[in-house]
Each structure stands twice: as C-alpha cells, then as structure tokens.
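Down below is the structure, laid out as structure tokens.
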Number of protein chains: 2
Amino acid sequence: MNATTLRPPAIDLAVSTVIFALRRHPESGLPTVWLPLVRRVSDPFDGRWALPGGWADPAETLDDTAARKLRETTRLEPSYLEQLYCFGEVDRSPSGRVVSVVYWALVRADEAARALEGENVRWFAADELPDLAFDHNAIVDYALWRLRTKVEYARIAHAFLGETFTLAQLREVYEAVLQRPLDPANFRRQAEATRGIVRTDEVVTGGRHRPPRLYRYDPDLADPGASPLATTA
Amino acid sequence: MNATTLRPPAIDLAVSTVIFALRRHPESGLPTVWLPLVRRVSDPFDGRWALPGGWADPAETLDDTAARKLRETTRLEPSYLEQLYCFGEVDRSPSGRVVSVVYWALVRADEAARALEGENVRWFAADELPDLAFDHNAIVDYALWRLRTKVEYARIAHAFLGETFTLAQLREVYEAVLQRPLDPANFRRQAEATRGIVRTDEVVTGGRHRPPRLYRYDPDLADPGASPLATTA
DNA sequence: CCAAAAGTGTTCGTACTACACCCATGC
DNA sequence: GCATGGGTGTAGTACGAACACTTTTGG
C-alpha cells in the first residue's frame, strides 16, 4: 500500500480453516474436540493430512473464501467462523512463498455427522493428531488455544449445539473444551446470569430423572467478548 | 494450499502497522493515545493520510516486513509488535485487489519524540483522525479496541514507558488508554500483585513530595495474557 | 507549617467455590 | 421406593471499589 513500489512481488495467498466439533471419544466416552482434515493428493506433502483450504480468490472476500472452501471440502455449514491469524513465515512451504490466512470454525454435532468422510477426509481428536503438512500442527495448537481462552469470556459455546439445548449439554461443551469438570450448580447460575441464554417453556422427557428445561441462545443480549469485527454468523 | 488449482491468482499483499504512543494532549494536558500517519504521494488516495506500510516482501517474514517498514518510514523502534488482523474485503482499494496484513505496535514516549516528523509524517490524536485512505479509519478503530481490551489482561502497558518507571507513570498509561481515572491506592496493590513488575531500590527525587519508588518490568514472570505466538519483542 | 503526592489500612459489596440438600421423573 | 440427574440454598473465600489515613519530601 506504499506507492514507491508500483507492483508488489508474487506471494501466493492461501486460506485455510480449523474446524472444530465435539464428538464422544471412542475410548473415554467423554465429549472431546475433533476436527476434520483432508489428505493432500499432490506435492508438497503428498499424502499427508492438512487443514482444508485453498487459494484466495480475487473476486471474493477472505471470509467468503473460507466459508466456501469449508463447504466444498467437507459439506459443513459452520455456526461460527472467525479469522484466526495470518501465517507468514518464509519457509512455511517448500514449494515457494505462501502466506496463509487461517480461520477457525465451530460446527454443531448434528452438522458434523453429516460431513462426508472418506479416503481423503477424516476426523481426528484435536490432541491426537498425526504429523500434518506444512506448519499445520502449530496452527491447530494455536486455534485450540484460542478456542479454550475465548470460550471462557465470549458466547461461542452454543455454536456447538442445536437451536435449543439443556444446561447439561451446554456444560458438557465447556467441560470438553476446557478439559475439566464443572460444578453443575454453579454452572447453572453463571450460565443464566452471563452466558446470554434464555429459558424456553419446553423440557426434555424420556430420561429416567427430572426432565431438564431447554434453553435458547439470545443473540440480542450484548456479548462482552464480541469484537467490533465479529461476523455474527 | 489446495492442489487442484496449481497457480494462485494475483492478489497484492500489503503490510501496514498502527503505531501507538502516548503524548500529552495540547488542550487537556492529559496523556492520550497518538499515532503517526504518512501522507500518500500517489494514487489511489493521493495526498490523504494513511497507515505506514508497504508491499510484502517474498524474502521476509511478515513480522520482519512490519518492523522494517515501521523503521523506514518513521525511524521508530517498537517495544511491542503484534499482528492485528488481515483485512481482505474485495473493494478495499480502488487500484485492485489488495489484502493487508495489519500489525499494531507500541513505542515509548522518548522513542516517539525521536520520530521524524515532517510534511509527509505527522502524529495525530487517535480519536481525532481525519478521513484516511482506504479503510484505515476502521482499522485504527479496531486497533484501538484491541489496545484497550488487551491492556486490561495482558502485560503491555510497560511498553509505553522506559526501562524503569514509577507506579504513577504506569497508572497514567492505563488512564490514558482506558480513558478513565484509576484509584492510586488500588492500582498500586493490583500492579504489584499481578502486573509482572518488580521494585528497584531507586527512587525519584526532585518532586516537591515524597520520592516515588522506581519499578521495572520483569519478563520472567508468566503473563496470563500472552499468546502462544507472542513475539516477546 | 503547608501542599502534594506516595503509600497503607479498612470496610463493603460482589462473585466464584464447594457442598448440602430438595425435586421430579422412569423403572 | 430407589436411582439419577435437575435444580435451589448457603456458608466460606477472594478480589475489586471506595475512601480514610499516615508518610515523606520541597518550599
């Protein structure tokens, strides 16, 4: 954006996304953070797992490119999408200079189940990843850090759940992300006071215990953790 | 970073920086947030004020480009430098598709005084800016929001000050950034407990009151607000 | 002594924690 | 009834806000 150099040099601009969803861990049975990866089918890093993404499109906003690529490679519709960071080390890619604008997304459990899984798309537990292509391991680690810090002060947990949810479900989200148990009684009060949710008149019957009330996220309540650039997706 | 498209399309990648320093406001006399802008000398937006920056260099890390451009245009050496956001709207620049990786920096008051100021570089009070080139007004607003939110939980305020400082000086930084007065007594306790500073044995004499003790920032103390990607500059 | 800012003590209210206890359902 | 989780009450603790008060300098 300086005028002295009239033409900028060639740097390839990529857009990738770290997609998070919750799944029960096959061993522990507890809900944990999972993410889908795609297998690379050409060099560099042919055959290695990598974050879904692609080249930036001159006709599209970076946000739109992230959302589109996410749809195209995994068929997922994210309930939350936010820019994470722009990675610009010189030696990130052996094929040349690539700068990656990375996004992170949250999808609901039911939505995540719909994701096409196959030879070249597979879900992994976020803390049991293989060696990924490029610097993608470090990127996922950073995205996990952002998820874990942001869930404590911003209203994003509901993005893992459906339209309505019980407080136990919401608490499970926090427990999965923060990796520690939370007191149900205290969580209830805190959630009702500051998590931007409202009670509905419905309850869930069928469990062999008192039927829990359903809650709904209220987007009108001010979010103390919302940034001025929030996409409100 | 997808392999289906072999060659990415041409998008110009720029790097700009929002530089913050504290100066006394000429009217109120209170310390306030200021930033240097550079006047554009060619189209688009010829003659308008803009953030210092330039095109990304294929041989340099984005961080390095930000630091170098900052030095070249203002002669300033930042005591804090962090990536802010990557702006990628399609119509940001009338000259074509430009994606800007924007950084924000803090410089010390003595350092800021050294900055070359002239026909094409001038300092402005952060909340009294003229109409800037491109979307730079919105970018500065976002950077200000980040500064104001981050100063509350991370240890960055000392980056506005010299090697040693009194608690009154540190408090002035917080008051300037947060735009509200703070209780000196409570600030002292909070600062000594959680702001990562240590007492020195020196005091400042010369004022017509009790000589205040000097403190020093201690980088070894864990910063609760530090990100895993922190540049520790 | 006085003014001014440094620095200490104390009270109050709020908010989080731990945990006891009651409620409503399926079996 | 009994097991199970939903939901309420409450005491203990930590921390920030407000503000009175003491200390140490220059004039």
Side-chain angles (χ1 to χ4, degrees), chain A residues 24 29-31 148-149 151-155 157 161 164-216 221-222 224-225, chain B residues 24 29-31 148-149 151-155 157 161 164-216 221-222 224-225:
Chain A
R24 300 208 170 266
L30 297 169
R148 290 185 169 134
T149 52
V151 80
E152 298 207 81
Y153 66 87
R155 289 169 189 159
L161 301 171
T164 58
F165 44 84
T166 67
L167 287 184
Q169 290 174 319
L170 188 63
R171 181 165 48 82
E172 271 195 325
V173 172
Y174 280 86
E175 290 179 336
V177 171
L178 300 177
Q179 298 180 296
R180 64 185 155 91
L182 299 175
D183 184 306
N186 296 330
F187 180 83
R188 156 179 307 280
R189 273 180 293 249
Q190 212 175 321
E192 288 193 308
T194 58
R195 305 279 193 210
I197 54 175
V198 288
R199 298 161 57 135
T200 70
D201 293 330
E202 300 156 88
V203 292
V204 180
T205 53
R208 39 192 225 201
H209 51 77
R210 177 169 170 175
R213 183 180 294 275
L214 282 170
Y215 287 75
R216 182 191 312 278
L221 292 168
Chain B
R24 300 209 169 266
L30 297 170
R148 289 183 170 136
T149 53
V151 80
E152 296 207 83
Y153 65 86
R155 290 169 188 159
L161 300 171
T164 57
F165 45 84
T166 68
L167 287 184
Q169 290 175 319
L170 188 62
R171 180 165 49 82
E172 271 195 325
V173 173
Y174 280 86
E175 290 179 336
V177 171
L178 299 177
Q179 297 180 296
R180 63 186 154 91
L182 298 175
D183 183 304
N186 295 330
F187 180 83
R188 156 179 308 279
R189 273 180 294 249
Q190 213 175 321
E192 289 194 308
T194 58
R195 304 280 191 208
I197 55 175
V198 288
R199 298 161 58 137
T200 71
D201 293 331
E202 301 155 88
V203 291
V204 181
T205 53
R208 40 191 226 202
H209 53 77
R210 177 167 170 177
R213 182 180 294 274
L214 282 170
Y215 287 75
R216 181 191 311 279
L221 292 168

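Quantities reported herein were computed from a predicted structural model and do not represent experimental measurements. We name chains A, B, ... by the order of the sequence lines, and we start the count at 1 in each one.
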**Prompt:** Would you call A/Arg180 and A/Glu152 a salt bridge, using N to O less than 4.0 angstrom?
**Reply:** yes

**Asked** Pairs in or reaching into residues 184-193 of chain A: which pass side chain to side chain donor-acceptor pair (under 3.5 Å), with residues at least two apart or in two chains?
**Response** A/Asn186-A/Arg189, A/Glu192-A/Tyr215

Identify each donor-acceptor pair in which a side-chain atom of residues 200-214 of chain B lies under 3.5 Å from a protein atom, sequence neighbours left out, and give them as a table.
residue  : atom : partner  : partner atom : Å
B/Thr200 : OG1  : B/Glu202 : N            : 3.2
B/Thr200 : OG1  : B/Leu214 : O            : 2.7
B/Arg213 : NH1  : B/Thr200 : O            : 2.9

So [Y] and [X], do their side chains get closer than 4.5 Å, heavy atoms only?
X        : Y        : answer
B/Arg171 : B/Pro184 : yes
A/Arg148 : A/Gln179 : yes
A/Phe165 : A/Ile197 : yes

**Atom pair CG/CD of B/Leu161 and B/Glu172 - distance to nearest 0.5 Å** = 9.0 Å

**Complete:** Under a 4.0 Å heavy-atom cutoff, the residues of residues 178-202 of chain A touching DNA chain D are A/Ala185, A/Arg188, A/Arg189

**Item:** Of residues 168-176 of chain B, the positions that come close to DNA chain D - non-hydrogen atoms, cut-off under 4.0 Å
**Value:** none

**Prompt:** Hey, is the main chain of B/Gly29 close enough, under 3.5 Å, to the side chain of B/Arg24 for a donor-acceptor pair?
**Reply:**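 At least one qualifying donor-acceptor pair exists.
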
**Request:** Say whether, by atom type as modelled, one donor and one acceptor occur between the side chain of B/Arg155 and the main chain of B/Leu221 under 3.5 angstrom.
**Result:** yes

**Request:** Using the heavy-atom set of chain B and a strict 4.0 Å cut-off, write down the first and last nucleotide of DNA chain D that makes it in, 5' to 3'.
**Result:** D/dA17 to D/dG26

**Request:** Just jot down the ring-ring contact (aromatic ring centres under 6.0 Å, His included) partners of B/Tyr174, sequence neighbours excluded, or say none.
**Result:**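 Testing B/Tyr174 for ring-ring contact (aromatic ring centres under 6.0 Å, His included), a comparison that skips the adjacent residues, returns B/Phe187.
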
**Asked** In whole angstrom, what separates B/Arg210's CZ from C/dA6's P?
**Response** 10 Å

